[in-house]
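Note that the structure is predicted; figures quoted are calculated from it, not measured. Residue numbers run from 1 in the order of the sequence given.
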Amino acid sequence: MAQAPDREDVSDGIVGSTAAEISESVRDLVERGAYAPGDQLPPVRSLAARLGVNRNTVLAAYRSLVTARIAATGGRTGTTVLGSAKNPDEGFTPGSVLRDIGSGNPDAAHLPDLAAALATVTPGHVLYGESVIDADLAEWATDWIAADHPRPFRLSITAGAVDAVERLLAQTLVQGDRVGLEDPCFLSSIHTARLAGYTPVAIPVDREGMTVAGLRAALESGARAIVCTPRAHNPTGVGTSAARALELREVLADHPHVLVIEDDHFSLLAPTPYASIIAPTQQRWALVRSVSKFLGPDMRLAVTASDPVTAQRLALRLSPGTMWVSHVMQRLAAVMLRDDDVQQSIVEAGKHYARRNEAFVSKLDALGLQAQADSGLNVWVDVGQDATEVTRRLASRGWLVRPGSEFAIDPDSAQGSTHLRLTVHALDDVETQRLVEDLAAVAGVSAPFGAAG
């Protein structure tokens, strides 16, 4: 059996006189396997003394390793090398035999018929250097956005909302910059920030949206960008109230050059009105509206309205010679969005999600289990105990669910630790009742109708 390398000998391999050099040295050791997951890096003070640098230099190196998810800091326990643990992501879990109610997917039965729409689209060739936005889609989207944003804006088309947010942040931030994210948070936003090396700053969310105190603290900490979900917040389902939006705009008025991104992904499906946090004085802003939730996840397209400077920077990343969104897809989206029958189907889908989620929340309320589903595809359930353990109990009963802790900015925080995010709108009445009874059993409450656990 091979003998494990001596940790002190490995630490001797850390070299450098700047934070970047020290960080790169540690990364090389991790990639070569000299440092294994769980190994501790040398204490800051001792490494600084050996290298002959200021301890702040080593602190900066370690911070960059933490930001890049190569290491984690535990306070008194020091800085530890991370393994290649799989990050949770949205969508179905492949290969599971369990009934997946953690996917966050729309109901396929309530998506419009793509085949019928495709039959009406006449694609033509678009060559390098031509406009990257389809004229019909631009006309429809301009009217759509202008109804909510009377101030001047420019349109951009990206490959979905996640793509838009990622590109918007990339044209504003550099590695290490702070970005304010809602907590709990949409998984893709967390991944985007961490993979790009930004520092996520948690802004708590309550029943009226992101909190005023949380936003103020994020801005005071130096956040250069804020990402907000004005409706159907994922995972909690809350929407920003008009009163809260006004308060948030007042806070942002003192920070006109911070980039404010609103991800209004549920838009046409939302039962609640759109209340923007973008202040009239905001110089850098963007409103992103994807079509994925109501035309289908494979329709990788989002409309982004933004100020001229942001739009110009975004255009450099979507130039006529490189990475525009297919005009075939844009024309398909335009045809569908202009179709009265499709628009009616979107309205009906929105009612379906609201009706099924509200019915489920009512059943849980009868048990004394707190749940909310103000808007969106999911239900946020407080089971009043360790949600990770509850997910294991539900798995033994055939259900695959997501614990709320997966959506926390800081995995070690208590945020969402007693919550589950459930996607229940596609369950039939029999399945819904079985899930309610199983939740009652694993949460230790009395099930309705005398059902046994």
Side-chain angles (χ1 to χ4, degrees), residues 105-106 108 110-149 152-171 188 192 261-270 274 285-308 310-347 349-350:
N105 268 311
H110 286 267
L111 295 174
D113 183 1
L114 284 175
L118 278 167
T120 67
V121 175
T122 305
H125 290 294
V126 176
L127 303 180
Y128 298 117
E130 296 189 42
S131 173
V132 297
I133 303 180
D134 177 75
D136 284 346
L137 179 61
E139 181 182 33
W140 187 91
T142 297
D143 292 341
W144 184 30
I145 300 294
D148 292 317
H149 266 280
F153 60 84
R154 284 180 54 182
L155 283 180
S156 306
I157 304 296
T158 62
V162 174
D163 181 51
V165 172
E166 182 174 352
R167 292 176 187 276
L168 286 162
L169 292 177
Q171 54 85 39
S188 293
T192 293
I261 303 172
E262 289 187 330
D263 180 4
D264 192 23
H265 67 284
F266 211 59
S267 57
L268 293 182
L269 292 164
Y274 166 65
W285 61 274
L287 169 61
V288 181
R289 284 178 170 170
S290 167
V291 304
S292 300
K293 298 299 186 295
F294 44 83
L295 296 187
D298 199 41
M299 292 290 290
R300 308 307 304 153
L301 186 151
V303 173
T304 298
S306 61
D307 67 88
T310 299
Q312 180 60 33
R313 292 182 179 182
L314 188 56
L316 295 175
R317 297 172 175 272
L318 296 165
S319 69
T322 53
M323 299 183 68
W324 70 87
V325 176
S326 166
H327 279 252
V328 175
M329 184 174 294
Q330 291 189 53
R331 289 169 185 169
L332 176 59
V335 165
M336 297 175 77
L337 291 168
R338 289 182 179 278
D339 187 290
D340 290 341
D341 290 338
V342 171
Q343 286 287 340
Q344 185 57 39
S345 74
I346 293 172
V347 171

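Separation of atoms CG (L332) and CG (L301) is listed at 9.5 Å; rounding is to 0.5 Å. One finds the CD1 atom of I145 at 10.5 Å from the OG atom of S306 (value rounded to the nearest 0.5 Å). Taking CD1 of I261 as the start and OG1 of T304 as the end, the distance is 9.0 Å to the nearest 0.5 Å. Atom CG of D136 is separated from atom CZ of R338 by 5.5 Å, given to the nearest 0.5 angstrom. With rounding to the nearest 0.5 angstrom, the CG atom of D134 is 13.0 Å from the CH2 atom of W140. Rounded to the nearest 0.5 Å, atoms CG (L137) and CE (M336) are 12.5 Å apart.
For R154, there are no salt bridge (charged side-chain N to carboxylate O under 4.0 Å, His left out) partners two or more places apart in sequence or in a different chain. Applying the side-chain contact (heavy atoms from CB on, under 4.5 Å) criterion to S267, with sequence neighbours excluded, gives W144, R231, D264, R289, F294.
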- [ ] For the pair Y274 and L287, evaluate side-chain contact (heavy atoms from CB on, under 4.5 Å) and give the outcome as yes or no after the intermediate values.
- [x] CA-CA 11 Å; Y274 166 65; L287 169 61; 3.7 Å; yes

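Within 6.0 Å of the CG atom in D143, the count of heavy atoms belonging to other residues, nucleotides or ligands exceeds 12.
In this structure, the side chain of Q330 engages the main chain of V132 through a donor-acceptor pair within 3.5 Å. Panel note: side chain H265, backbone S292; no donor-acceptor pair is recorded below 3.5 Å.
At a threshold of 4.5 Å between non-hydrogen side-chain atoms, the residues V288 and L168 count as touching.
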